[in-house]
Asker: 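I have a structure here, written as C-alpha cells, and I will follow up with some questions on it.
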Amino acid sequence: MNTNINNKMPQIDDDYINSAEAFQNVEKFKQIMCWYGCAIREVRTKLEVLNDDFQANYARNPIDNIKSRIKDPKSIYDKLKRRGYPITLYSILDNLHDVAGVRVICPFIDDIYTVADMLIAQDDIRVITKKDYIKNPKPNGYRSLHLVVEVPIFLSSGKRLMKVEVQIRTIAMNFWASLEHQIHYKKTQENVDDVIAQLTQCANVIYETDTTMQTIRKKLEAEGKLTME
Ligand code: 0O2
C-alpha cells in the first residue's frame, strides 16, 4: 500500500482557507467578476469597432485577433498575498490591475501603436499605465505594449469605472511569448543564463523579421502595389 499518497496531494494553506472568509460573500465576489467581464466586453467592442472602421477606410485590418480572460480566484488570491495586499474584495478592485485582461494581436509593429492610440484617444478611456516593452524589451527579449486603462461600465444601479489590462503585440511577438510561457526549465546556475540567452536570441530574430515584414508592406503601399486580403 502506498503510504505516501498524501505527499502527492497539493497543500492548501491556512491563509487560503481564511481567505474564503474575506471572500465569504460569494455573491459579491461573483458580482465583481461580472463587472470585470462587462469591462472586457466594453474594451473588446471598442477594438472591434476600430478594426471594422479601419477596414472600411484603409482596406485592411490592424487587428488580427483579440483574446480575453478574467484572472481565476486562486491567482487573484496568490497575487494579493505575494504583494502583501489585504485579502478583501475592495483590495482586488483597488490593488490589482490585471483581473480583466485583453490581448490584441496585430499583423505589423506599427499597427500596435495605431490601435493603442485609437483606443486611448476615446474620451471615456483613462490610461492608468503604459509600458512599452517593444521600445524597451525585457532582458529575456519579451516585447509587447502594455496598457492599463479604466473604462466605465453601465449597470442597473449606476456607472462604475473598471481597470482592464490591454496587451498589444504582433503575431510574431505573440508566437514567442506563447512558447516562452510554456517552456518551464529547471533553473540551475549553469543552464539559466544559457536558456535565457537562446530565448533572447529567438526574440531578437523574430523582431528583425517583424521589422522586415513592415518595411516590405510600407514599400508596396508607397508604390501603390499593395492588395491585402
Ligand atoms: P498572465 O496569466 O498572462 O496574466 P503585474 O502586471 O502587476 O503582474 P508587472 O511587472 O507590472 O506586474 O507586469 P508586466 O510585466 O507589465 O506584465 C505582466 C504580464 O505580461 C504577465 O502576466 C504576462 O502576461 C506578460 N509578460 C510579462 N513578461 C513576460 C515574459 O517575459 N514572458 C511572457 N511570455 N509573458 C510576459 P502574468 O501575471 O505573468 O500572467
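The structure displayed is predicted, hence computed values, not measured ones. In each ligand, atom 1 is the first atom listed, and ligand 1 is the first ligand listed.
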Asker: Thinking salt bridges, do Asp98 and Lys79 make one under a 4.0 Å N-O criterion?
Answerer: yes
Asker: Tell me, which protein residue and heavy-atom name are nearest atom 9 (P) of ligand 1, and how many Å apart are they?
Answerer: Lys131 NZ, 3.4 Å
Asker: Closest non-hydrogen protein atom to atom 36 (C) of ligand 1, residue and atom name please, with distance?
Answerer: Tyr142 CE1, 3.3 Å
Asker: Under a 4.0 angstrom heavy-atom cut-off, which atoms of ligand 1 come close to Ala177?
Answerer: 34 (N)
Asker: Look up atom 39 (O) of ligand 1 and tell me if a protein heavy atom lies less than 4.0 Å from it?
Answerer: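 Under the 4.0 Å cut-off, atom 39 (O) of ligand 1 has no protein heavy-atom neighbours at all.
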Asker: Within ligand 1, which atoms have a heavy atom of Glu165 less than 4.0 Å away?
Answerer: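 Within the 4.0 Å cut-off of Glu165, ligand 1 contributes 6 (O).
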Asker: Is Glu221 salt-bridged to Lys218, cutoff N-O under 4.0 Å?
Answerer: no
Asker: Please write down residue, atom name and distance for the protein heavy atom closest to atom 24 (O) of ligand 1.
Answerer: Gln167 NE2, 3.1 Å
Asker: For atom 5 (P) of ligand 1, what is the nearest protein heavy atom, given as residue, atom name and distance?
Answerer: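 Checking every protein heavy atom, the shortest distance to atom 5 (P) of ligand 1 gives Lys79 NZ, 3.1 Å.
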Asker: Decide if atom CZ of Arg44 counts as having more than 12 heavy atoms of other residues, nucleotides or ligands within a radius under 6.0 Å.
Answerer: yes
Asker: Take the angle between the ring planes of Phe54 and Tyr58 and call it parallel below 30°, perpendicular above 60°, tilted in between.
Answerer: tilted
Asker: Measure from atom 3 (O) of ligand 1 to every heavy atom in His181, Arg103, Lys71 and give the option owning the shortest one.
Answerer: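 Going through His181, Arg103, Lys71 one by one, Arg103 has the nearest heavy atom to atom 3 (O) of ligand 1.
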Asker: Determine, considering heavy atoms only, which of Arg83, Lys138, His97, His146 sits nearest to atom 6 (O) of ligand 1.
Answerer: His97
Asker: Please say whether more than 12 non-hydrogen atoms of neighbouring residues, nucleotides or ligands are located less than 6.0 Å from CD in Gln122.
Answerer: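 For Gln122, atom CD is crowded (more than 12 foreign heavy atoms under 6.0 Å).
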Asker: Parallel under 30°, tilted from 30 to 60°, perpendicular over 60°: which one fits the rings of His146 and Tyr133?
Answerer: perpendicular
Asker: Ser178 versus ligand 1: do any nitrogen or oxygen atoms come within less than 3.5 Å of each other?
Answerer: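 Checking ligand 1 against Ser178, no N or O pair falls under 3.5 Å apart.
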Asker: What atoms of ligand 1 come closer than 4.0 angstrom to any heavy atom of Tyr133?
Answerer: 14 (P), 15 (O), 16 (O)
Asker: Can a salt bridge be assigned to the pair Arg60 and Asp111 using a cut-off of 4.0 Å between side-chain N and carboxylate O?
Answerer: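 Yes, Arg60 and Asp111 are salt-bridged.
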Asker: Quick test: of every protein heavy atom, which one is nearest to atom 32 (N) of ligand 1, and how far off is it to 0.1 Å?
Answerer: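 Nearest protein contact, heavy atoms only, for atom 32 (N) of ligand 1 is Glu180 OE1, 2.8 Å.
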Asker: Looking only at the side chains, is there a donor atom on one of Gln182 and Glu180 sitting less than 3.5 Å from an acceptor on the other?
Answerer: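 Note: Gln182 and Glu180 side chains miss the donor-acceptor criterion.
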Asker: Can you report which non-hydrogen protein atom sits closest to atom 4 (O) of ligand 1, along with the distance?
Answerer: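 Answer for atom 4 (O) of ligand 1: Arg69 NH2, 2.7 Å.
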Asker: Just by modelled atom types, is the Leu199 backbone N or O under 3.5 Å from a matching donor or acceptor in the Trp176 side chain?
Answerer: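 Checked: pair present.
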Asker: Using a 3.5 Å cut-off on N or O atoms only, is Asn140 in polar contact with ligand 1?
Answerer: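 Among all N and O atoms of Asn140, at least one is under 3.5 Å from an N or O of ligand 1.
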